[in-house]
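We count ligands from 1, going down the list as the structure has it; atoms in each ligand are counted the same way.
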Amino acid sequence: MSATVDATQVAQEFADIFGTSPDGVWSAPGRVNLIGEHTDYNEGFVLPFAIDRAAAVAIKLREDNTARLRSSHGEQTTVTVDLSTLSHDTMQGWTAYPLGVVWVLRQLGVAIGGFDLYLHSTVPSGAGLSSSAAIECAVATAFNELANASLSRSELVLVGQRAENEVVGAPTGILDQSASLLATDGHAVFLDCRTQESELVPLDLAAAGLLILVVDTKVSHAHATGGYSARRASCELGAEVFGVPALRDISAADLPEASGLLDTETFRRVRHIVTENQRVLDTVAVLADGGPGAIGALLTASHASMRDDFEISCPELDLAVDTALANGALGARMTGGGFGGSAIALIPAAVEATVRDAISQAFADSGFTVPDIFAVSPAPGARKIL
Ligand code: ADP
Ligand code: MG
């Protein structure tokens, strides 16, 4: 699968399926979270960047109230839905993402009638690179324009989040949609998840002779809902015991007191969030002072915290991180919600082949599934591409 989306080809495939040209093609990227994991729903800080892999949607409005949806991925069948009966029961499977966005926009009073939609995504699904938000953000950007809704990008972030929370039923924060909608080329998005304020932070890897490798372990995180909910519950408990609205309000200086108030497991969960928030702030400061070559230790410390305190890593992710570090990576960590998905390694471009080979070999030696290893670069956010 080619990493870059070819807008003309997507439009052509739409025409082949629906027999007419689309009104336009919109794309929105997946993301890598450079650092700041599980801090989003604790109203803390995150630092994702959009990657050069995206979901593209070609859409044509219809005169009636019917939606027809098709994806290039999976079963080659067209799903047809009567929008006058749009409900949680009729938004099933992958169509819950695009239809969920339409449902939320309609709740907000945006007039959307029938449409034909074709999706082609180069973001691997379930790899922790947010293929789901890429779909939501592409669809939200498209209908914002097609329906002249004039919603701001920050408002579209919340539309995508509501679709994911209320329709798909995944209790996620605003990290993924913010990265997909707010990013620009060559920058990471420093996001305060409490205020939704964001700042673009230069992340010019190429100029520093660096690149970021993604190691998709192919370990599905689909079963992770229970683990994710349990982590959220621990965080809520920690905040409640401390009498603060969210763990964002606890600092490293409060940790000794926290250890006396909380059971040991909850304490370790809290310690991850508190130290991770600080690591995000430190990464932003270090990027400004020393550039991307100086953030490696923070990435690796983040991984250790997720492995030991938050306990959301897995043997495959640990092996990818350890092997990358042993072969010249400046820093490495799992990225995304955990329990599988992908790890990232910040490496000098010169050692790319060495690191790739070493990880492939280590996975083979351990009898793990062959991982998918690819470089990503900071890319622009959601936009119309045709
Ligand atoms: P992630 O966002 O980390 O990739 P999620 O579980 O949040 O993982 O989202 C994956 C889901 O998104 C898939 O189960 C599928 O429903 C949907 N999806 C992703 N990519 C595609 C695609 N190309 N076509 C159809 N559905 C997709
Ligand atoms: Mg997702």
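Between Leu203 and Ala188, the shortest heavy-atom contact is CB-N, 4.0 Å.
Sorted by first then second residue, the salt bridge (charged side-chain N to carboxylate O under 4.0 Å, His left out) pairs that include residues 148-164, not counting sequence neighbours, are Arg162-Glu166.
Annotation for ligand 1: atoms under 4.0 Å from non-hydrogen atoms of Ser121 are 23 (N). Which parts of ligand 1 touch Trp94 is read off a 4.0 Å heavy-atom cut-off, strictly below it: atoms 16 (O), 25 (C), 26 (N).
Taking any N or O of Gly126, backbone or side chain, at least one lies under 3.5 Å from an N or O belonging to ligand 1. At least one N or O atom of Ser71, backbone or side chain, sits closer than 3.5 Å to an N or O atom of ligand 1. Annotation: His73 places no N or O atom under 3.5 Å from an N or O atom of ligand 1; distance criterion only.
Coordination check, Ser130 versus the Mg ion (ligand 2): failed, since every N/O/S atom of the residue sits at 2.8 Å or beyond.
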Please table the atom pairs, donor to acceptor, closer than 3.5 Å between any side-chain atom in residues 104-111 and protein atoms at least two apart or in another chain.
unit_1, atom_1, unit_2, atom_2, d
Arg106, NE, Ile112, O, 3.0
Arg106, NH1, Leu83, O, 3.1
Arg106, NH2, Asn65, OD1, 3.4
Arg106, NH2, Ile112, O, 2.9

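Residue contacts with ligand 1, taken as heavy atom pairs separated by less than 4.0 Å, involve Leu119 solely via side-chain atoms from C-beta onward. Contacts with ligand 1 closer than 4.0 Å are made by side-chain heavy atoms of Ile135 only, the backbone lying farther away.
Surrounding CD of Glu75 are at most 12 heavy atoms belonging to other residues, nucleotides or ligands under 6.0 Å away.
The line from OG of Ser198 to CG of Leu191 is 6.0 Å long, rounded to the nearest 0.5 Å. If you take CZ on Arg356 and CZ on Phe374, they are separated by 9.5 Å, rounding to the nearest 0.5 Å. Interatomic distance, CZ of Arg279 versus CD1 of Ile295, reported as 13.0 Å (0.5 Å rounding).
Between Gly128 and ligand 1 there is a heavy-atom distance shorter than 4.0 Å.
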